[in-house]
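Below you'll find the structure, written out as structure tokens, and then a few comments.
Computation of the quantities below employed the complete heavy-atom set of this structure, encompassing side-chain atoms and omitting hydrogens, waters and symmetry-equivalent molecules.
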Amino acid sequence: MAVAVRGARGGGFAAGLRSFFSYRIFVSAMFSLLFLATLSVLLTSHPPTSHHDSSLPSTGNAYMHTTYLALNSDPLKTRLDLIYKQATDYMILVNAYAAYARKLKLEISKQLKTFDDLAKNLSDLPTKPSYSSLFESRGPLDEDVIRQFEKEVKDRVKITRILIAESKENYDNQLKIQKLKDTIFAVNELLIKARKNSGLAGSIAARSVPKSLHCLAMRLMEERISHPEKYTEGKPDPEFEDPSLHHYAIFSDNVIAVSVVVNSVVKNAEDPSKHVFHVVTNRMMVAAMKVWFKMRAVGGGAHVEVKAVEDFKFLNSSYVPVLKQIESVNMQSLYSENRVENATKDVNNIKFTSPSKLSMLNYLRFYLPEMYPKLHKILFLDDDVVVQKDLTRLWKIDLDGKVNGAVETCFGSFHRFARYLNFSHPLIRERFNPKACAWAYGMNIFDLDAWRREKCTQEYNYWQNLNADLTLWRPGTLPPGLITFYSLTKSLDKSWHVLGLGYNPSISMDEINRAAVIHYNGNMKPWLDIAMNQYKNLWTKYVDSEMEFVQMCNFGL
């Protein structure tokens with residue numbers, strides 16, 4: 001039995017060994033068959049393709065295709081591919097520099113032509129008859145031809161490298177300059193837009209009636225209605241027609257502004273009793289204006305006369321052309337079109353859109369001799385001025401037979417007639433010099449006798465009729481003033497009248513302190529919140545802040 005057991009164990013070991021070797025032979029045979037099958041598939045599925053075959057291997061077969069090319073491609077073809085790729089890369093680079101040159105508009109036409117020629121030579125190189133066989137043949141390649149092709153490609157690449165190395169810095173700088181120009185242009189566009197919006201906002205603020213001014217007018221009217229017995233009018237003072245006194249004309253509907261002008265004159269006058277103020281306002285504000293000067297009598301014995309435009313009966317549309325034009329539908333239409341056009345174009349023209357251009361108060365200055373027939377001289381003051389010195393000497397200035405004494409505003413080419421009048425119109429071009437110097441309204445001493453002698457009002461009416469369609473000048477009083485008093489204006493010393501406190505922040509305080517009259521012309525009026533702080537106190541110190549209605553209406557002084 002023991003023998004039988006050993007025999008069984010020995011037979012099992014031999015059978016296992018035979019089984020193990022049979023399995024290894026089977027696996028080796030299977031791998032051999034699989035390799036042969038794969039090689040057969042490769043040889044039958046991927047025949048050799050031409051160099052110029054544009055079809056690419058699919059994603060799934062990419063690795064197998066690359067492996068096949070590595071095993072079966074001609075080394076000379078690989079070398080040709082590398083040479084051709086180098087030529088193509090430099091051709092693209094040269095074309096890029098040529099495109100930059102065209103975009104930047106550089107004045108280097110010779111260099112630009114060289115770039116174009118190099119790009120063309122590199123792109124045409126494979127089509128040359130001596131090299132076309134390299135790209136068309138499917139058979140063995142000629143190594144000598146490839147060597148010659150490589151030499152020619154390298155020569156052209158060398159020239160390209162030299163030219164690019166010489167031009168690279170120049171092109172980089174030009175690109176930086178172009179980017180800087182683009183940035184400057186974009187910032188300038190934003191600046192123009194900001195200025196336009198600022199000008200428009202300032203114009204709207206300047207044309208608006210502040211709450212404090214409205215409040216003051218309402219309080220004064222309430223006082224007039226509540227106590228009518230206090231404000232009965234007597235006979236006009238004889239001083240109003242006394243030509244030996246110093247007369248002022250102030251035309252405004254702004255009570256607080258007129259009071260500042262009057263106060264500043266009186267406080268700086270050596271003898272206030274010799275000064276007479278003729279204040280003219282519109283029908284709506286005349287009662288408030290009278291109550292103010294009744295409640296706050298001017299000190300020093302100065303005299304104040306308050307009238308409404310309607311009190312001057314000769315000022316009607318049959319005699320005053322501008323009044324007829326203001327009342328006409330056509331004038332309103334032209335004005336509206338002008339306002340819309342200016343609001344969307346030039347920020348510098350926004351000032352022409354002010355409603356004051358349609359107010360008769362603005363044009364009374366052309367009728368002074370008829371408004372005050374017994375006077376010989378009168379000083380016209382705007383309501384946005386402050387008087388800092390005694391003005392008595394103005395009536396003693398010899399105007400040399402001229403009508404208007406004013407400070408000129410031109411220097412260089414600035415503020416000459418060409419700025420205000422349309423010299424493309426033959427009537428303007430034939431009569432006036434575009435380089436003639438303009439002068440300022442706001443403080444003007446007028447010789448009314450010379451005015452009557454020269455018939456200036458008739459001259460103004462004549463030109464105002466011609467400008468009914470606004471083709472000679474835009475709405476305003478300075479252009480017709482320049483025409484009316486052309487060659488009839490005497491230049492005064494600039495210290496009499498300093499302008500710009502309503503728009504120019506750069507006026508020196510020395511110049512302001514030397515001035516007899518300072519003028520807040522511009523949008524930034526001193527009674528508005530947009531006033532310039534460095535100049536505002538020069539105006540507010542003449543405001544009657546003790547007046548109860550000024551305190552109640554919160555002027556923010």
Side-chain angles (χ1 to χ4, degrees), residues 192 195-196 198-200 202-203 206-207 322 325 334-335 337-358 362-363 365-366 380 382 384-385 402-444 456 459-460 462-464 466-492 494 496-507 511 519-524:
I192 291 172
R195 282 179 174 172
K196 183 176 177 180
S198 174
L200 184 58
S203 179
R207 297 201 308 265
V322 73
Q325 293 164 10
L334 282 170
Y335 175 77
E337 291 173 4
N338 182 64
R339 178 173 58 189
V340 172
E341 178 184 357
N342 289 329
T344 56
K345 288 187 179 179
D346 187 1
V347 66
N348 296 321
N349 288 330
I350 292 177
K351 60 184 178 182
F352 291 114
T353 69
S354 173
S356 65
K357 303 298 185 289
L358 292 179
N362 212 35
Y363 299 92
R365 64 193 71 187
F366 294 104
F380 171 77
D382 269 340
D384 54 352
V385 305
K402 307 282 188 180
V403 176
N404 174 30
V407 170
E408 292 183 338
T409 57
C410 62
F411 52 91
S413 60
F414 188 63
H415 279 197
R416 298 191 179 269
F417 271 44
R419 173 183 171 88
Y420 302 100
L421 303 175
N422 178 18
F423 276 87
S424 65
H425 198 290
L427 287 175
I428 298 294
R429 188 170 58 248
E430 293 167 6
R431 291 286 300 275
F432 305 101
N433 179 4
K435 295 182 180 180
C437 190
W439 40 266
Y441 262 135
M443 192 220 70
N444 306 80
C456 292
E459 183 76 1
Y460 164 72
Y462 168 77
W463 284 99
Q464 190 66 52
L466 291 177
N467 194 46
D469 56 358
L470 302 182
T471 57
L472 303 183
W473 66 82
R474 292 183 177 180
T477 54
L478 183 55
L482 298 176
I483 288 176
T484 302
F485 304 114
Y486 185 61
S487 74
L488 296 174
T489 298
K490 179 180 176 63
S491 176
L492 301 180
K494 293 186 181 296
W496 279 110
H497 186 192
V498 170
L499 299 99
L501 279 73
Y503 69 88
N504 184 3
S506 303
I507 306 173
E511 185 179 3
H519 195 169
Y520 291 82
N521 59 312
N523 284 335
M524 300 179 184

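Taking Ser491 as the reference, nothing meets the side chain to side chain donor-acceptor pair (under 3.5 Å) condition, with sequence neighbours excluded. Listed by chain and number, the residues in a side chain to side chain contact (heavy atoms under 4.5 Å, CB included) with Tyr462 are Leu466 (sequence neighbours excluded). Contacts of Lys402 classified as salt bridge (charged side-chain N to carboxylate O under 4.0 Å, His left out), with partners at least two apart in sequence or in another chain: none. Judged as a side chain to side chain contact (heavy atoms under 4.5 Å, CB included), and not counting sequence neighbours, the contacts of Tyr503 are Asn521. Among residues two or more places apart in sequence or in another chain, the salt bridge (charged side-chain N to carboxylate O under 4.0 Å, His left out) test is passed with Arg431 by Glu459.
The backbone N or O of Ala406 sits nowhere less than 3.5 Å from a side-chain atom of Asn444 that would complete a donor-acceptor pair. For Asn404 (side chain) and Phe485 (main-chain N/O), no donor-acceptor pair under 3.5 Å exists by modelled atom type. A donor-acceptor pair is defined here as one N or O able to donate and one able to accept, closer than 3.5 Å; such a pair exists between the side chain of Arg429 and the backbone of Ser424. At distances below 3.5 Å, not a single donor-acceptor pair connects side-chain atoms of Asp382 with backbone N or O atoms of Asp384. Between the side chain of Tyr520 and the backbone N or O of Leu499 there is no donor-acceptor pair closer than 3.5 Å. Within the 3.5 Å criterion, the main-chain N or O of Gly502 finds no donor-acceptor partner in the side chain of Asn504.
Sequence neighbours left out, the pairs with a member in residues 475-490 that pass salt bridge (charged side-chain N to carboxylate O under 4.0 Å, His left out) are Asp400-Lys490.
Taking the six-membered ring for Trp and thresholds of 30 and 60 degrees, Phe366 and Tyr441 have ring planes more than 60 degrees apart, a perpendicular arrangement.
Here the two rings, on Phe423 and Phe417, have centers that are 6.0 Å apart or farther.
The shortest distance between side-chain heavy atoms of Gln325 and Gln464 falls below 4.5 Å. Inter-residue side-chain proximity for Thr489 and Val403 is flagged as unmet; no heavy-atom pair is nearer than 4.5 Å. No side-chain heavy atom of Arg416 sits under 4.5 Å from any side-chain heavy atom of Asn433.
Taking CD1 from Ile483 and SG from Cys456, the interatomic distance works out to 13.0 Å, rounded to the nearest 0.5 Å. The structure places CZ of Phe380 at 3.5 Å from CZ of Arg365, a figure rounded to the nearest 0.5 Å. Separation of atoms CG (Leu492) and CE (Met443) is listed at 5.5 Å; rounding is to 0.5 Å.
Among all heavy-atom pairs drawn from Val498 and Ile507, the shortest one is CG1-CG2, 4.2 Å.
Exactly one of Tyr420, Trp463, Trp473 qualifies for a ring pair (Phe, Tyr, Trp, His ring centres under 6.0 Å) with Phe432. That residue is Trp463.
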Worked verdict on Glu511 versus Lys494 for side-chain contact (heavy atoms from CB on, under 4.5 Å): CA-CA 10 Å; Glu511 185 179 3; Lys494 293 186 181 296; over 6 Å; no

Stepwise side-chain contact (heavy atoms from CB on, under 4.5 Å) check, His519 with His497: CA-CA 7 Å; His519 195 169; His497 186 192; 3.1 Å; yes

Verdict with supporting geometry, Ile428 and Leu421, side-chain contact (heavy atoms from CB on, under 4.5 Å): CA-CA 7 Å; Ile428 298 294; Leu421 303 175; 3.9 Å; yes

